[in-house]
Asker: 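Just dropping this structure here.
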Amino acid sequence: MTDFAEHSKSRRAGKRRRVVLLLALCAAASGAGAEPRAAASSQDGKYFDAEGEPTYKVDASGKVDWYTYSGFLRYSAECLRCHGPDGLGSSYAPALADSLKKLSYADFLSTVANGRKNLEGGQEKVMPTLGLDKNVMCFIDDIYVYLKARSDEAVGRNRPPAHDPKPKAWEDAENACMGAPS
Amino acid sequence: MKRLVTSLISVSALALNATAFANESVMKGSQDPKQWVIQAGTYDNQRYSKLDQINETNVGKMAPAWSFSTGVLRGHEGSPLVVGDIMYVHTPFPNIVYALDLNDEGKIIWKYEPKQDANVVPVMCCDTVNRGLAYANGKIFLHQADTTVVALDAKTGKVTWSVVNGDPKKGETNTATVLPVKDKLLVGISGGEFGVQCHITAYDIESGKKVWRAYSTGPDDQILFDPEKTTSLGKPVGKDSSLKTWQGDQWKTGGGCTWGWYSYDPNLNLVYYGSGNPSTWNPKQRPGDNKWSMTLFARDPDTGVAKWVYQMTPHDEWDYDGVNEVPLVDQKIDGKDRKLLVHFDRNGFGYTLDRTNGELLVAEKYDPAVNWASKVDMDRSSPTYGRPLVVAKYSTEHNGEDENSQGICPAALGSKDEQPAAFSPKTGLFYVPTNHVCMDYEPFRVSYTPGQPYVGATLAMYPAPGGANMGNFIAWDATKGKIVWSDPEQFSVWSGALATAGDIVFYGTLEGYLKAVDAKTGKLLYKYKTPSGIIGNVMTYQHKGKQYVAVLSGVGGWAGIGLAAGLADPHAGLGAVGGYAALSNYTALGGTLTVFALPD
């Protein structure tokens with residue numbers, strides 16, 4: 001029932017759990033998002049998988065693309081207080097590094113923007129509606145690719161050891177979304 | 001301003017004639033060690049009980065006598081109350097209150113469950129904790145998560161009055177207890193991570209009518225300062241003392257929240273409390289000292305006007321909220337009797353001040369790991385008198401936006417958070433639950449949207465260098481600013497302590513142990529593993545001639561975030577990452593009250 005307990009279980013029996021999850025995914029219709037998303041193309045430092053959805057890029061040394069790095073920063077500022085460090089969950093919110101094993105890009109965007117409620121079982125879980133929060137929505141792809149990398153175990157705990165430089169396109173998009181710095 | 005003060009005084013003078021003072025009820029209740037009528041036990045917040053039936057020679061034989069499940073899984077802070085033959089137990093959101101009959105094996109006399117909009121849940125920073133009830137004049141007071149304050153008839157649980165203190169849609173919520181003083185109920189508010197302009201508010205204890213409200217930031221008539229009479233470090237603060245320390249209108253989203261503990265000195269007629277962090281966590285976005293965030297206040301409870309203030313962390317760069325408890329003690333310093341207040345701040349300094357006038361007497365580190373400041377400047381002739389001397393390497397302002405400042409001790413959760421310390425007049429020592437955790441902190445630009453988080457920094461936390469223990473339970477001499485003994489704990493100690501005349505000190509641990517240690521030496525005398533991690537505070541009472549010790553377990557809160565998955569040290573070698581124990585290997589969720597006693 002609790003993600004807290006579930007998490008410790010998953011650490012002990014990670015492999016078995018992944019198999020169970022895959023089975024569950026086959027049963028569910030939302031299959032996309034289950035497999036590691038290899039980067040198939042890139043534009044201005046942003047990477048996309050074969051289906052055109054944003055994804056991460058990690059080289060052999062552990063160096064990540066800028067979007068993944070920015071996602072780590074924004075996740076840690078905006079999501080950590082509920083979802084725990086490194087997407088590992090807390091005593092009252094799910095481990096997103098696990099959730100993204102089955103949650104599709106579209107469902108991720110919709111859950112963040114619209115929120116979600118689960119009010120049963122003695123602990124009310126409420127994901128807020130963040131659709132109007134610029135600090136989240138201006139960086140939503142960054143947060144997604146970071147968590148995707150965490151769920152695929154392509155990126156470990158803590159700050160990625162190295163990252164690509166900030167692309168001009170990213171900076172322009174940030175200013176367009178957040179408003180120019182004062 | 002003067003007119004405001006005068007009119008406030010006349011308003012309260014009118015009210016005084018009509019009502020019985022809560023003081024009398026609280027003081028009568030707290031002088032009787034058989035009861036526990038407010039969260040801190042007594043107005044002075046010493047968390048000390050004169051009960052001595054359970055003592056250092058027999059505590060080893062103590063055992064659970066009975067227990068009670070709250071039915072709620074979130075983090076359980078605070079403690080139950082005992083008034084006469086009834087125990088009052090509260091829960092985190094949805095903030096249920098149970099009245100249990102101590103004459104009938106804890107049978108439920110009444111249960112109160114407010115209907116609150118669940119949308120308040122994610123607006124609360126760091127879990128839906130609640131730090132408990134207060135009792136005065138036949139009423140139980142509850143301040144709900146959604147900021148509704150209710151007065152319940154202590155016998156029936158019927159709502160006598162109810163008032164709304166804030167708006168969760170703007171990020172205003174509550175986790176704190178309340179304090180009944182005189183004819184008023186003093187109430188704080190949370191929302192420092194949502195850019196709330198926080199305040200303390202006094203409601204009439206019989207009707208719930210608002211009497212005064214004092215903000216932490218803003219113009220003098222909002223913060224209830226008298227520019228000529230309100231002092232800081234012995235000098236009048238002058239006009240616009242808060243406004244001058246903010247850029248433009250930033251004080252309107254300035255934080256300075258008031259979610260901690262309140263103490264009261266009936267002889268001086270002053271209420272003491274601290275304010276929290278300035279919003280955002282990115283210091284570059286809010287130039288100035290950001291007064292009066294991170295500040296200790298002494299206010300007149302009749303008018304709300306501040307007598308004196310002391311800002312511990314001007315222009316916060318680390319989220320070191322100043323809300324921790326402010327216990328009041330009378331001790332000798334340099335051979336002279338002094339009326340003191342003591343405050344273990346999140347920033348890692350243990351402060352001792354003269355509570356009559358706010359004179360700074362002692363400011364020393366109560367965890368040797370503290371490194372963000374070399375010391376607090378105690379030189380009265382220095383231009384930086386009373387200020388912490390910040391080490392540039394650990395200054396997130398100095399290092400700037402998009403720079404990761406590393407190895408800062410303590411972490412944002414402080415060398416101690418809200419978990420209150422205890423004081424024993426027999427030993428003259430404070431007993432302090434502490435965190436021994438450091439952090440990396442990277443601030444960056446954020447935009448403000450009402451009701452949305454307004455944070456602006458990325459943090460990583462990890463155990464302090466030189467060991468794997470993330471907490472210590474220490475004894476502290478506040479007259480000298482020295483640690484007397486220190487018991488290492490694997491995890492942060494997130495439970496409020498209790499000292500008793502039995503020469504023992506109780507506290508809980510995050511693994512779930514209730515521990516009793518020798519007040520003089522810190523030697524472990526008793527431990528028992530409760531069903532879940534303890535972030536509640538230990539209390540004691542006596543019923544039918546027998547002493548009981550009670551504590552709520554139920555892990556959660558800040559501790560449930562950082563420690564659920566275990567802390568990983570980003571600076572350790574790859575092999576060590578994840579090597580620190582995860583709390584989830586020791587305990588799981590669940591709210592339970594456990595009551596202990598000596599065997600018959």
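Reckoned from all heavy atoms, side chains included, excluding hydrogens, waters and symmetry mates. The sequence lines fix the lettering, A, B, ..., with proteins before strands; numbering per chain opens at 1.
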Asker: Just so I know, are the side chains of Arg74(B) and Ser91(A) near enough to count as touching, which here means a heavy-atom distance under 4.5 Å?
Answerer: no
Asker: Tell me, side chain or backbone of Gln285(B) under 4.5 Å from chain A's heavy atoms, or both, or neither?
Answerer: neither
Asker: Between Ala77(A) and Ala457(B), what is the shortest heavy-atom contact and its length?
Answerer: CB-O, 3.1 Å
Asker: So with a 6.0 Å cut-off around NZ of Lys57(A), is the heavy-atom count from everything else above 12?
Answerer: no
Asker: Please assess Arg74(A) against Val446(B) for the test side chain to side chain contact (heavy atoms under 4.5 Å, CB included), listing each intermediate value before the final yes or no.
Answerer: CA-CA 10 Å; Arg74(A) 293 287 164 172; Val446(B) 277; 4.2 Å; yes
Asker: State, with a plain yes or no, whether a side-chain heavy atom of Ser447(B) is found less than 4.5 Å away from one of Asn135(A).
Answerer: yes
Asker: Check whether more than 12 heavy atoms from other residues, nucleotides or ligands sit under 6.0 Å from atom NZ of Lys170(B), and answer yes or no.
Answerer: no
Asker: Which one, Thr91(B), Leu459(B), Asn119(B), leads in non-hydrogen pairs under 4.5 Å with chain A?
Answerer: Asn119(B)
Asker: Just wondering, do Met127(A) and Pro122(B) contact through their side chains at under 4.5 Å, heavy atoms?
Answerer: no
Asker: Any side-chain to backbone donor/acceptor pair from Asp127(B) onto Tyr92(A)? Under 3.5 Å, distance only.
Answerer: no
Asker: Under the criterion side chain to side chain contact (heavy atoms under 4.5 Å, CB included), I'd like the reasoning laid out for Gln452(B) against Lys134(A): C-alpha separation, chi angles, the key distance, then a yes or no.
Answerer: CA-CA 9 Å; Gln452(B) 299 289 1; Lys134(A) 288 182 177 182; over 6 Å; no
Asker: Mind listing the closest non-hydrogen atom pair of Arg445(B) and Gly179(A) along with its distance?
Answerer: NH1-O, 3.1 Å
Asker: Name the region of Thr449(B), side chain, backbone, both or neither, that has any atom closer than 4.5 Å to a heavy atom of chain A.
Answerer: side chain
Asker: Just by distance, do the side chain of Ser76(A) and the backbone of Thr458(B) share a donor-acceptor pair under 3.5 Å?
Answerer: no
Asker: With a 4.5 Å cut-off on heavy-atom pairs, point out which of Gly590(B), Pro92(B), Ala118(B), Gly591(B) contacts chain A the most.
Answerer: Ala118(B)
Asker: Counting heavy-atom pairs under 4.5 Å with chain B, which one of Leu132(A), Val136(A), Asp133(A) comes out on top?
Answerer: Asp133(A)
